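Remember, it's a predicted structure, so these values are computed and weren't measured experimentally.
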Amino acid sequence: MATLDDLPPYRRAKLLWRWAHQGVDRVEKLVREAEGRPCSMPTGSAVPPGPTAVLLGDDGRYHLLRGGHMLCAAAQTADGWEHQGYCSWIDRGTGPEDVSGRGSVLEEGAWISLHHVWNVRTVGPEHASAEVDPSQRCEGGDYTVAASWPPPLARTRSIRLLREALVAALGPDCQVCGLYPGAMVDHDHETGYVRGLLCRFCNRTLEECPHVTDCPNADYMSNPPAAALALLYPAHEEWRSKESTRQRKIMMLGFDPFEGLPLRRPRNDSHP
C-alpha cells in the first residue's frame, strides 16, 4: 500500500503544502485511498478526427471546426450549425441586473432566464487560429471547446520565449493529457524549473495528484518532459508564497515540509 513517504521528497512536501489545512494524517489517508484510482483526466470531443480549421460564421464570431465538425455547436441542421445559449438576470423592479459571478440571488426580485437557439453558417475563408482574438472566438458548448482553442500570446517576453522553446522541443499540445493545446508554461514553484506545457485543465489540477506512480499527473511530475532543457521560470513572475501564508501553513502542519530541500532563491533578472 502506498504511503506519503513513498513520494519523492519534493512531491511529498508539495502535497503536504497543498493540503496543509487538512493535516498530515488526512494527507496520508488521501495517498492510501488514491491507490488504484487514477486522477480524473480531461476527455476530448466525440467528433471525427481530422484537421482543425477556423472559420468566420455569419453571426460575426469565429468558430473552431475539427474533422468538419463545429465544436461549439449542439448539432448540425439543414439551416446550419445549431448553437444554444443561456442568459440570466435579476429583475427587482428597477431594470435587469447582471447576475454573473454571484453565488446566490438576492432575496428581493425575480430570477429570469432566457434560452436562445440560433443557427450559424460559415462564410469563410479559413483563418489562422493565432490571428483570432479570444474575444472574437465562439466558445459555446462545454469546457472542451474553450480548451481546444490555442492560447493567446503570453503577456511577457520571457514567458513567450519559454513557450516557444517548449513547443520547439516537445510539441504544442498538453504534455499530460495530449488532448488540448498547451496554454500554460508549468514550473515547479519551489525549484523554479520549467516542467512542461499544459492545457488549462491539467495545469489547474496537477498539484492535487496524490499518486506515487501509474497516473499521468504523477508520471509527469516525477519525470518532467522539459527537465533536460533546464529552463528556469522568471523569478520576478512569481515566488514561493507570501511570508504570512508560509507561516500559517507551517503552523497547520507543525513543521516545514520543505526544510532541508534546496530551493531556488529569487533572482532580479527577467529572462529565462
Side-chain angles (χ1 to χ4, degrees), residues 41-87 98 100-101 114-186 194 196-205 225-226 229 231 237 272:
M41 300 297 294
T43 56
S45 300
V47 298
T52 299
V54 177
L55 294 170
L56 178 64
D58 56 8
D59 60 347
R61 303 188 73 82
Y62 290 88
H63 301 264
L64 196 63
L65 289 84
R66 182 175 299 141
H69 183 102
M70 189 176 287
L71 298 185
C72 47
Q76 186 175 19
T77 71
D79 296 322
W81 290 94
E82 181 183 291
H83 284 61
Q84 299 186 24
Y86 295 84
C87 179
D98 185 13
S100 59
L114 175 67
H115 176 209
H116 182 58
V117 178
W118 71 100
N119 290 293
V120 175
R121 293 182 182 276
T122 58
V123 295
E126 186 173 329
H127 294 260
S129 56
E131 297 174 354
V132 180
D133 187 271
S135 64
Q136 297 177 295
R137 300 173 178 178
C138 179
E139 294 184 351
D142 55 20
Y143 174 83
T144 298
V145 181
S148 294
W149 281 93
L153 290 175
R155 288 173 295 181
T156 63
R157 178 176 178 272
S158 54
I159 304 303
R160 287 197 296 271
L161 291 175
L162 286 175
R163 184 181 288 172
E164 290 171 4
L166 291 170
V167 170
L170 303 170
D173 294 328
C174 175
Q175 283 137 29
V176 168
C177 71
L179 289 173
Y180 304 124
M184 315 296 292
V185 174
D186 170 59
V194 172
L197 200 61
L198 301 182
C199 70
R200 294 181 180 92
F201 181 93
C202 291
N203 184 71
R204 188 174 68 248
T205 60
L229 302 178
L231 299 171
E237 299 284 352

Are [X] and [Y] close enough that some pair of their side-chain heavy atoms sits under 4.5 Å apart?
| X | Y | result |
| --- | --- | --- |
| P172 | P150 | no |
| W149 | V54 | yes |
| L179 | D173 | no |
| L56 | V132 | no |
| V120 | R61 | no |
| L229 | L166 | yes |
| C177 | C199 | yes |
| H115 | V117 | yes |

Quiz question: by atom type and distance under 3.5 Å, do the side chains of D79 and T77 form a donor-acceptor pair? no

For side chain to side chain contact (heavy atoms under 4.5 Å, CB included), just list the numbers for M70 and L55, CA-CA rounded to whole Å, side-chain angles, deciding distance to a tenth of an Å, and then say yes or no. CA-CA 10 Å; M70 189 176 287; L55 294 170; over 6 Å; no

Start with the C-alpha gap between D186 and V194, add the side-chain angles, then the distance that decides, and say whether side chain to side chain contact (heavy atoms under 4.5 Å, CB included) holds. CA-CA 6 Å; D186 170 59; V194 172; over 6 Å; no

Looking at [Y], is its backbone amide N or carbonyl O close enough to the side chain of [X] to form a donor-acceptor pair, meaning the two atoms are under 3.5 Å apart?
| X | Y | result |
| --- | --- | --- |
| D58 | R121 | yes |
| Q175 | L197 | yes |
| R66 | T52 | no |

Spatial distance of atom [atom1] ([X]) from atom [atom2] ([Y]) [nearest 0.5 Å]:
| X | Y | atom1 | atom2 | answer |
| --- | --- | --- | --- | --- |
| T122 | L65 | OG1 | CG | 7.0 Å |
| N119 | E82 | CG | CD | 6.0 Å |
| Y180 | S148 | OH | OG | 5.5 Å |
| W81 | D59 | CH2 | CG | 14.0 Å |
| E126 | Y62 | CD | OH | 12.5 Å |

Shortest non-hydrogen contact from [X] to [Y]?
| X | Y | result |
| --- | --- | --- |
| R163 | A154 | NH1-N, 3.8 Å |
| P181 | P151 | CB-CD, 4.1 Å |
| R200 | P152 | NH2-CD, 4.0 Å |
| S129 | R137 | O-NH2, 3.5 Å |

Please confirm whether the ring centroid of H63 lies under 6.0 Å from the ring centroid of H127. no

Do W118 and H116 have their ring centres less than 6.0 Å from each other? yes

Which one of L231, L198, L162 satisfies the side-chain contact (heavy atoms from CB on, under 4.5 Å) criterion with V185? L162

